[in-house]
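Here's the structure we're looking at; comments come further down.
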Amino acid sequence: MIGAIIIILSVIAVAMLLSPMNISVNSARAGGKIDGFLSIGWIMFLFRYTLKDKKTEILVLGRRVAGGGLINKEKIPEPKETEKSTKVKKSRHLKDIFHLSGPLLRLFKDLIYSFRIKYLNIDITFGLEDPAYTGIITGFLHSIFFPLRAPCTVYTINWNPDFTRPVMEWDVKAEAAITPIQILPHLAKFITNWQVLRSGLRIIRN
């Protein structure tokens, strides 16, 4: 009896992992205001999140089973740290993040190319307080999305760095599909990377 239940659950789990997940995004940010939605459909489930109202809905077979706005919780004041200890922690975190940049870049590339893009339109303008950081982000985007910037009817990707001021504005419309089982090998490869393990342990300890 137990063996039959295990087999049935295993078959269901495999079927779920092999079922495609459809993701739709429609978002825009201008003048400090964000509008749009994110929806994820998988088998009989539909998850929808509206950015402007900050409301979440979960539907099963088209029927709403959960949803509502975010609850504002009172923040508990954290103990103040000395300026010296804060600087030391920041420098350690920056080093750990730097060591993670390589594996993260590979993970992002693997995940992005695992999606089956139905359509993708991205127009983003960004700028940080330090122009050097803006340049770093620009190089990061070039390394990930440059192959996708060739003329195509399915997607258009444009990013416009602004080195004169801090700014973040975008207009994104996209729909894509991915099979969950395709994600597992990339996540396993990332988690078992020795740089990720070492830097992750440092971040947790700090």
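We use all heavy atoms of the structure for the numbers below, so side chains are in, but hydrogens, waters and symmetry mates are not. Quantities reported herein were computed from a predicted structural model and do not represent experimental measurements.
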Cluster check F140, I124: I/L/V/M/F/W/Y, side chain < 4.5 angstrom:
yes

Would you indicate whether the side-chain heavy atoms of P161 and F126 approach each other to under 4.5 Å?
yes

Please test N160 against D123 for side-chain hydrogen bond (donor to acceptor under 3.5 Å, both in side chains), starting from the C-alpha separation and ending with a verdict.
CA-CA 8 Å; N160 310 296; D123 194 347; 3.3 Å; yes

Taking the hydrophobic residues Ile, Leu, Val, Met, Phe, Trp and Tyr, and joining any pair whose side-chain heavy atoms are under 4.5 Å apart, which ones share a cluster with F163?
none

Are N22 and K118 side-chain neighbours, meaning at least one heavy-atom pair lies under 4.5 Å?
yes

Distance, nearest 0.5 Å, that separates CD1 of I43 from CD1 of I12
10.0 Å

For R106 and N193, which heavy atoms make the closest approach, and how far apart are they?
NH2-ND2, 3.6 Å

Common cluster, M16/F47, ILVMFWY with side-chain heavy-atom separation under 4.5 Å
yes

Answer yes or no: is there an ion pair linking R29 with E169, defined by an N-O contact shorter than 4.0 Å?
no

Taking the six-membered ring for Trp, are F45 and W42 parallel (under 30°), tilted (30 to 60°) or perpendicular (over 60°)?
tilted

Backbone of Y49 reached by a side-chain donor or acceptor of T56 within 3.5 Å:
no

d(T156 OG1, Y119 OH) to nearest 0.5 Å is 11.5 Å

Inter-residue atom distance L120.CG - I122.CD1, 0.5 Å rounding
4.0 Å

Please table the atom pairs, donor to acceptor, closer than 3.5 Å between any side-chain atom in residues 170-182 and protein atoms at least two apart or in another chain.
residue, atom, partner, partner atom, Å
W170, NE1, S27, OG, 2.8
D171, OD1, K173, NZ, 3.2
Q182, OE1, T179, N, 3.1

Hydrophobic cluster identity match, V14 and I7, side-chain contacts under 4.5 Å:
no

Within a strict 4.5 Å, meaning less than it, do heavy atoms of the T134 and D130 side chains meet?
no

Do P166 and L128 have side chains that approach each other closer than 4.5 Å (heavy atoms only, starting at C-beta)?
no

Nearest heavy-atom approach of L51 to D35 is CD1-O, 3.9 Å

Is it possible for you to say whether L61 and I58 belong to one hydrophobic cluster, with membership spreading through side-chain heavy-atom contacts below 4.5 Å?
yes

Rounded to the nearest 0.5 Å, how far does OG1 of T50 lie from NZ of K54?
10.5 Å

Quick one: name the residues clustered hydrophobically with W194, using the 4.5 Å side-chain heavy-atom rule over I, L, V, M, F, W, Y, and just say none if it's on its own.
none

Those residues that, when tested against K189, pass side chain to side chain donor-acceptor pair (under 3.5 Å) (two or more places apart)
none

Not counting sequence neighbours, which residues clear side-chain contact (heavy atoms from CB on, under 4.5 Å) with R165? List them please.
D162, V167

L38 versus I23: any side-chain heavy-atom pair under 4.5 Å?
yes

Nearest atoms (heavy-atom pairs only) where L197 meets I191:
CD2-O, 3.2 Å

Going from CD1 on I40 to CZ on R48, what distance comes out if it is rounded to the nearest 0.5 angstrom?
12.0 Å

Once rounded to the nearest 0.5 Å, what's the spacing between atom CZ of F37 and atom CG of N26?
5.0 Å

Apply side-chain contact (heavy atoms from CB on, under 4.5 Å) to L107 and list each qualifying residue two or more places apart in sequence or on a separate chain.
L111, H186, L187, F190

When you group the ILVMFWY residues by side-chain heavy-atom contacts below 4.5 Å and let the links chain together, are L59 and V25 in the same group?
no

